Amino acid sequence: MKAKENYSGFKGVFKFALNVITWTALIILILLALFLAYYTINNKLYERKGEKFEPFVSLYTIVSGSMEPNINIYDVVVSKKVKSPNEIKVGDVITFVSTSSLSKGLTVTHRVIEVVKTDLGVAYRTQGDNNLSPDTAPAEFDNVIGKVILRIPKLGKVQEFLSKKGGWLIAIIIPALFIIVSDILKIFKLVGVKNKINEINKKDEKIKKEREKIESIRKEVLRKKLNLNTHEAFIEPIVTKKKTRVVVAFDPKEKIKRENYQKERRNYQKRRRR
């Protein structure tokens, strides 16, 4: 049966917190790796077809304060791809490729303040929550990457750390080393427990053999005392304790004294009644 982890005391709380942080970081890294693998593979497939890959869900790190205080710098927004222009309404936050003169070609995340129709189709006038004026050019539906469905605060700092030299290496090596060291310590612990069990089993076996040897010697001594033939079946004698009976001696003089006492007592009681 596997022993339960003991998280009592300061060391136990620290160990529990470290385990939670390590496994959380590992799970995040695995999810990011899967997402990157999905994005890379699909991007390559679409390039071979001569088409532009548009993922169903995209993640973008905010690097300006145009959407503060609702969306801050280093927040990560999750944008879901939209299939129809009718899915976007006034008040929605969208991520799109800008055609404005100041941010042409950049990916921008702003709020829709008006839905307009142009010769090219439906377009959206956008403005940052922290900006004093709307964007100079509306966002065409074909340039819309997706509608923001989730904001993850400050996750962009993790991305910035991982993008630095050695960031990925540290993020992978530290959790991996912790898990490896933890597993090695568990193996040593199991080996120690196994050795202790083997020692206890050896001691029990030794004690059992000694008892059997003593019992064999005792039976041999009894056999010699009773002058039994070694070829005959040996029956160990049964020893019982004798009960001791207590005998009380009877004194005739005591009986006479007792009768005289009772007689005098009866006479005394008669005199008192008179």
Side-chain angles (χ1 to χ4, degrees), residues 28-29 31-165 167-168 171:
I28 291 173
L29 288 173
L31 292 175
L32 287 174
L34 292 174
F35 179 79
L36 289 173
Y38 163 78
Y39 185 88
T40 303
I41 293 170
N42 280 279
N43 193 27
K44 293 293 183 182
L45 292 174
Y46 274 82
E47 282 182 359
R48 289 182 180 179
K49 294 178 182 179
E51 300 176 2
K52 183 182 177 182
F53 174 59
E54 296 179 356
F56 179 75
V57 175
S58 304
L59 278 72
Y60 295 94
T61 301
I62 304 301
V63 294
S64 70
S66 62
M67 286 296 292
E68 289 181 350
N70 297 313
I71 303 176
N72 301 309
I73 298 175
Y74 292 120
D75 288 354
V76 171
V77 292
V78 180
S79 298
K80 176 187 173 184
K81 182 180 177 182
V82 291
K83 296 180 179 180
S84 170
N86 297 327
E87 295 182 30
I88 300 174
K89 299 177 181 179
V90 175
D92 291 340
V93 179
I94 61 173
T95 301
F96 58 95
V97 178
S98 177
T99 56
S100 299
S101 58
L102 297 175
S103 57
K104 189 174 182 180
L106 298 178
T107 302
V108 179
T109 298
H110 280 175
R111 192 179 302 276
V112 176
I113 59 172
E114 184 183 358
V115 179
V116 295
K117 291 185 178 180
T118 65
D119 296 337
L120 299 175
V122 178
Y124 310 95
R125 289 180 60 82
T126 57
Q127 181 179 348
D129 292 350
N130 197 33
N131 291 346
L132 298 177
S133 58
D135 299 331
T136 56
E140 302 290 342
F141 178 75
D142 292 340
N143 293 332
V144 175
I145 297 172
K147 181 168 67 174
V148 175
I149 58 173
L150 180 65
R151 177 181 70 92
I152 306 174
K154 304 304 178 183
L155 184 61
K157 289 188 175 182
V158 178
Q159 183 184 12
E160 183 186 16
F161 170 74
L162 294 176
S163 63
K164 291 181 180 179
K165 187 177 180 180
W168 271 101

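This is a predicted model, so every value here is computed, not measured.
Here the closest heavy-atom approach between residue Gly128 and residue Met67 is recorded as CA-SD, 3.7 Å. Contact between Thr99 and Pro138 at its shortest, heavy atoms only, is OG1-O, 3.6 Å. Considering every non-hydrogen atom in both Gly91 and Arg111, the closest pair reads O-NH1, 2.9 Å.
Rounded to the nearest 0.5 Å, atoms CD1 (Ile62) and OG1 (Thr107) are 10.0 Å apart. Here the straight-line distance linking atom CG of Asp142 with atom CG of Leu120 works out to 8.0 Å at 0.5 Å rounding.
With sequence neighbours excluded, the residues forming a side chain to side chain donor-acceptor pair (under 3.5 Å) with Asn70 are Asp129, listed by chain and number. Taking Ser100 as the reference, Thr136 meet the side chain to side chain donor-acceptor pair (under 3.5 Å) condition, with sequence neighbours excluded. Remark: Gln127 engages Ile113, Asn131, Pro134 in a side chain to side chain contact (heavy atoms under 4.5 Å, CB included) (not counting sequence neighbours). For Val122, the side chain to side chain contact (heavy atoms under 4.5 Å, CB included) partners are Pro85, Val115, Tyr124, not counting sequence neighbours. For Asn130, the side chain to side chain contact (heavy atoms under 4.5 Å, CB included) partners are Glu68, not counting sequence neighbours. With sequence neighbours excluded, no residue forms a salt bridge (charged side-chain N to carboxylate O under 4.0 Å, His left out) with Glu87. Listed by chain and number, the residues in a side chain to side chain contact (heavy atoms under 4.5 Å, CB included) with Leu102 amount to none (sequence neighbours excluded).
Using a 4.5 Å cut-off on side-chain heavy atoms (C-beta onward), Phe96 and His110 make contact. Side-chain contact between Val82 and Phe141 is present, with heavy atoms from C-beta onward closer than 4.5 Å.
Paired with Thr126 under the rule side-chain contact (heavy atoms from CB on, under 4.5 Å), one option of Val93, Ile94, Thr109 passes, and it is Ile94.
Listed by first and then second residue, the salt bridge (Lys or Arg N to Asp or Glu O under 4.0 Å) pairs involving residues 112-121 are Glu114-Arg125 (not counting sequence neighbours).
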Show me, pair by pair, the donor-acceptor contacts under 3.5 angstrom made by side chains of residues 71-79, not counting sequence neighbours?
residue, atom, partner, partner atom, Å
Asp75, OD1, Lys154, N, 2.9
Asp75, OD2, Asn72, N, 2.9
Asp75, OD2, Arg151, NH1, 2.8
Ser79, OG, Thr95, OG1, 2.8

